[in-house]
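To start, the structure itself, in structure tokens.
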2 protein chains.
Amino acid sequence: MNFEEFKNTVMVSLEDICRGFYRENRGLMKIKKEDVAVRNFVSICQATLKLSNEKGFQAMSLRDLCGESGLSMGALYSYFSSKDELVLMIHEHGHKSVQKILTQFTTGVDNPAVKLQAAIRAHLYLSELMRYWFAFFFMETKNLSKKDRRIPVESELWTEKVYIDILEEGKKSGVFHVDDPVLTGSAIKALMQDWYLKRWKYTQRNIGIDQYADFVVSIIESFVLKKQSTL
Amino acid sequence: MNFEEFKNTVMVSLEDICRGFYRENRGLMKIKKEDVAVRNFVSICQATLKLSNEKGFQAMSLRDLCGESGLSMGALYSYFSSKDELVLMIHEHGHKSVQKILTQFTTGVDNPAVKLQAAIRAHLYLSELMRYWFAFFFMETKNLSKKDRRIPVESELWTEKVYIDILEEGKKSGVFHVDDPVLTGSAIKALMQDWYLKRWKYTQRNIGIDQYADFVVSIIESFVLKKQSTL
DNA sequence: GTCTATAGTGCGATAGAC
DNA sequence: GTCTATCGCACTATAGAC
């Protein structure tokens, strides 16, 4: 699978995510017309993600958000009741969407080596489609209350566990030689993260996503499929 | 080399960094007594790094900083002329210190394999001693003006180049089999960064720094020293 | 060199017209 | 459902006493 194929399969759109979110929280929202609510919520999310990516969520004022989203101050408050609630909503619903999509791509594959590669590619390609979301998850954790920080924390552990499980499965069946599946899973995550947190570097160097995906797969496979190092 | 040995060798103290900084910027500072200036500047840096680590630099008010550093509002402004200047000073001088120390540990070694391991360990161990600084460099880049963002950017590229140069040297002399030194160097950096940006994870799992250093060395060596993968 | 007191600004949030 | 106008507050930064 390459990025182009992934993109056509997933077709994750911001609108889908927002519509899902609206339907789940219909009761709490002041706006009753679904298409109005979804359209505006898409603007708000898009604007928030863009501005947060540029200057950080804390530094983004609600007046900035008005300008970027095209809504007025008063209108914004029909969609959330405080700036803190806005950051929470994006975290909460974003992580849920990511987990849903990643689950699709790692179930129904048996061979651990194939599954590992599928998980890495799906994860990386999704981080590309949802680049601002992924960056937001990591950079804006501190804007959550101590209690709500469990959301990104659990999401981090959940994704990591996808890798750990595959690695342990492969170890049990003798396909992989991996001493520490936990550290290895966490290393895979670290490599994913570099792609979306330091995109400027990869853009500058003309390194495309498929090239990066191949690289991550090769470094991990050389580690877990190795027969014997020359040490 | 392990962490304990590194610590005893480097003895990097916040006071040394601040004293160096004071001497270089003596002209700009309002405070003329060196020991007063250094003592207070240490407090300010320590407090800023701590609070930024907890809630982010932007969210830290100067009143918070007064409380944490023990200085008053007025006194703070004898050490910097605006909050923006404070964040710039920490970035500027912090990166300079890191580069100075890392250079010490990677010069005078010839064998590329030995040098690679020395660089990885020194870098990781230093990130432990200066944990809040390293986290600050990454998380608080957005608080710099567009122009000043070149400081962390150049520092990122500089550290990476340390690895790239070692890898290319090893490739030329036939010790390493590495297809893409640039991507490999950037992967090493990504693994370093995971250690100090997600310390909660490693602390939770009781993974110590020496264990993590061994792991990073093993994954990278298995990649660049490999004879033949079993693919 | 450090303090307290305060000026001035821009923020998040709300009320009420339409 | 969306707007404009505005309130009260917390912030950065400064002035002037000590």
Side-chain angles (χ1 to χ4, degrees), chain A residues 18-19 22 25-45 47-48 51-52 54-90 140 142-145, chain B residues 18-19 22 25-45 47-48 51-52 54-90 140 142-145:
Chain A
C18 291
R19 172 158 275 123
Y22 175 76
N25 297 72
R26 207 189 297 264
L28 302 168
M29 295 250 186
K30 290 196 188 108
I31 315 296
K32 293 303 164 198
K33 289 187 195 161
E34 179 171 318
D35 51 347
V36 174
V38 171
R39 177 167 34 84
N40 285 334
F41 203 68
V42 167
S43 293
I44 294 171
C45 281
T48 305
L51 292 170
S52 297
E54 283 166 17
K55 49 162 85 174
F57 181 80
Q58 175 86 219
M60 170 197 82
S61 77
L62 291 183
R63 282 168 180 85
D64 293 335
L65 190 55
C66 289
E68 188 70 33
S69 69
L71 285 135
S72 70
M73 208 69 167
L76 287 183
Y77 276 85
S78 305
Y79 295 88
F80 51 80
S81 65
S82 73
K83 208 184 164 192
D84 284 350
E85 198 191 270
L86 175 61
V87 77
L88 177 57
M89 278 163 56
I90 296 181
E140 311 299 348
K142 291 205 171 102
N143 292 303
L144 293 168
S145 68
Chain B
C18 291
R19 173 158 276 125
Y22 175 77
N25 298 70
R26 207 188 297 262
L28 302 167
M29 295 250 187
K30 291 195 189 107
I31 314 296
K32 293 302 163 200
K33 289 186 195 160
E34 178 170 318
D35 52 346
V36 174
V38 171
R39 174 167 36 83
N40 285 333
F41 202 69
V42 168
S43 293
I44 294 172
C45 281
T48 305
L51 291 170
S52 297
E54 281 165 20
K55 50 161 85 174
F57 181 79
Q58 176 87 220
M60 171 198 81
S61 76
L62 291 183
R63 281 174 180 81
D64 294 336
L65 191 54
C66 288
E68 189 69 34
S69 68
L71 284 132
S72 71
M73 209 65 166
L76 286 184
Y77 276 86
S78 305
Y79 295 87
F80 51 80
S81 65
S82 74
K83 209 184 164 192
D84 284 351
E85 198 191 90
L86 174 61
V87 78
L88 177 57
M89 276 162 56
I90 296 181
E140 312 299 348
K142 293 207 171 98
N143 292 303
L144 293 169
S145 68

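Lettering of chains follows the sequences in order, A, B, ..., and the numbering in each one begins at 1.
Evaluated for a side-chain contact (heavy atoms from CB on, under 4.5 Å) with A:Met60, the options A:Glu68, A:Glu54, A:Lys83 yield exactly one hit, A:Lys83.
B:Asp84 is linked by a salt bridge (charged side-chain N to carboxylate O under 4.0 Å, His left out) to nothing, counting only residues two or more places apart in sequence or in another chain.
A:Phe41 has its CZ atom 15 Å from the P atom of D:dG1, to the nearest Å. What separates NZ of A:Lys32 from C1' of D:dT2 is a distance of 17 Å, to the nearest Å. For the pair B:Leu76 CG and C:dC3 C1', the computed distance is 12 Å after rounding to whole Å. Spacing between atom NZ of A:Lys30 and atom P of D:dC3 amounts to 14 Å, rounded to whole angstrom units. With rounding to whole Å, B:Ile31 atom CD1 is found 11 Å from C:dC3 atom P. One can place CG of B:Leu51 at 13 Å from P of D:dC11, the figure rounded to the nearest angstrom. Computed from coordinates, the A:Arg39 CZ to D:dT2 C1' distance equals 12 Å when rounded to whole Å. The CD atom of A:Glu34 sits 13 Å away from the P atom of D:dG1 (whole-angstrom rounding).
Residues A:Lys55 and A:Asp64 meet the side-chain proximity criterion, which asks for heavy atoms closer than 4.5 Å.
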Quiz: residues 70-80 of chain A side-chain donor-acceptor pairs under 3.5 angstrom, not counting sequence neighbours:
unit_1, atom_1, unit_2, atom_2, d
A:Ser72, OG, A:Ala75, N, 3.3
A:Ser78, OG, A:Ala75, O, 3.3
A:Tyr79, OH, A:Asn40, ND2, 2.8

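A:Lys142 places no side-chain N or O within 3.5 Å of a backbone atom of B:Phe57 that could act as its donor or acceptor partner.
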- Item | Step-by-step side chain to side chain contact (heavy atoms under 4.5 Å, CB included) determination, B:Glu34 to B:Arg19 | CA-CA 8 Å; B:Glu34 178 170 318; B:Arg19 173 158 276 125; 2.9 Å; yes

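Between A:Tyr79 and the phosphate of D:dT2, there is a side-chain N or O to OP1/OP2 separation shorter than 4.0 Å.
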- Query: Base, backbone or nothing for each nucleotide of nucleotides 11-18 of chain C, written B, S, -, heavy atoms under 4.0 angstrom, 5' to 3'?
  - Reply: BBBB----

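The side chain of B:Ser78 has C:dT2 as its nearest neighbour among C:dG1, C:dT2, D:dT2.
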